[in-house]
Amino acid sequence: MTATDHAHRLLAVAARAADAKGGEDLVALDVSEPLPFADVFLLVTGAAERNVVAIADAVVEALREEGQDVARREGRDGGRWALLDFGDLVVHVFHREERMYYGLERLWRDCPAIPVAPLIERDGSSTGSGAGSQG
């Protein structure tokens with residue numbers, strides 16, 4: 001099984017929103033095979049607590065504008081790790097230390113990566129900071 005077209009559309013919107021707020025090291029993983037509840041994980045790093053919150057807020061707003069409300073949101077207030085569940089897409093926005101500590105890329109290393117850079121560059125508004133280190 002592979003991620004649905006709907007999940008890829010949500011991913012594109014979320015990646016552009018995260019990139020626009022200075023999100024770094026964007027990595028998308030197709031988790032549709034091992035997980036029954038989601039198709040794609042998007043992992044994003046924020047440089048500081050306020051940046052993590054700003055990225056999470058921007059992703060929620062961008063997807064809401066596309067008609068997709070967040071089903072569950074956890075961890076926003078601490079600014080260290082925000083989990084945004086949109087059904088087919090789950091977005092994890094981490095502070096740098098939490099990203100390294102939890103190592104979700106290692107945990108899900110058997111899942112195929114989805115290229116993020118082309119999604120961000122598609123509309124020509126990339127800040128150039130986001131999808132630099134794809135796994």
Side-chain angles (χ1 to χ4, degrees):
M1 182 186 317
T2 60
T4 64
D5 289 341
H6 180 252
H8 281 271
R9 284 191 300 275
L10 296 178
L11 170 61
V13 172
R16 285 192 292 270
D19 182 66
K21 285 295 180 180
E24 301 173 350
D25 300 325
L26 278 70
V27 174
L29 301 171
D30 183 335
V31 295
S32 61
E33 187 68 31
L35 295 180
F37 59 84
D39 283 352
V40 175
F41 279 1
L42 175 61
L43 312 178
V44 183
T45 299
E49 287 88 352
R50 289 175 62 177
N51 189 221
V52 169
V53 172
I55 293 165
D57 287 347
V59 169
V60 168
E61 183 60 30
L63 285 168
R64 184 174 292 135
E65 288 174 4
E66 295 292 319
Q68 184 72 42
D69 285 324
V70 64
R72 192 176 81 202
R73 182 175 183 155
E74 296 183 15
R76 176 190 179 273
D77 295 333
R80 304 298 293 183
W81 181 1
L83 182 145
L84 310 170
D85 181 354
F86 295 97
D88 288 346
L89 172 70
V90 175
V91 180
H92 299 270
V93 185
F94 295 95
H95 190 278
R96 280 192 184 102
E97 285 104 22
E98 272 67 17
R99 175 95 177 245
M100 290 174 56
Y101 178 79
Y102 288 103
L104 292 187
E105 291 95 332
R106 288 187 308 273
L107 181 64
W108 298 103
R109 71 177 168 259
D110 293 335
C111 295
I114 300 169
V116 176
L119 302 175
I120 294 170
E121 295 163 359
R122 193 179 92 194
D123 70 356
S125 65
S126 175
T127 62
S129 63
S133 66
Q134 283 260 343

Between [X] and [Y], which heavy-atom pair has the shortest distance, and what is it?
| X | Y | result |
| --- | --- | --- |
| Asp88 | Ala7 | CB-CB, 3.8 Å |
| Met100 | Arg106 | O-NH2, 3.5 Å |
| Ala28 | Val40 | CB-CG1, 4.4 Å |
| Arg80 | Glu97 | NH2-OE1, 2.8 Å |
| Leu29 | Ile114 | C-CD1, 4.2 Å |
| Ala56 | Leu84 | O-CD1, 3.8 Å |

Residues Lys21, Val93; criterion side-chain contact (heavy atoms from CB on, under 4.5 Å); working and verdict: CA-CA 12 Å; Lys21 285 295 180 180; Val93 185; over 6 Å; no

Donor-acceptor under 3.5 Å ([X] side chain, [Y] main chain):
| X | Y | value |
| --- | --- | --- |
| Asp39 | Thr4 | yes |
| Asn51 | Gly79 | no |
| Glu66 | Val13 | no |
| Asp30 | Ala3 | yes |

Candidate list Arg73, Arg50, Arg64, test salt bridge (charged side-chain N to carboxylate O under 4.0 Å, His left out), partner Asp57, passing option: Arg73

Ring geometry between Phe41 and Trp108 (parallel below 30°, tilted from 30 to 60°, perpendicular above 60°): perpendicular

Derivation of the side-chain contact (heavy atoms from CB on, under 4.5 Å) call for Val59 and Val44: CA-CA 11 Å; Val59 169; Val44 183; over 6 Å; no

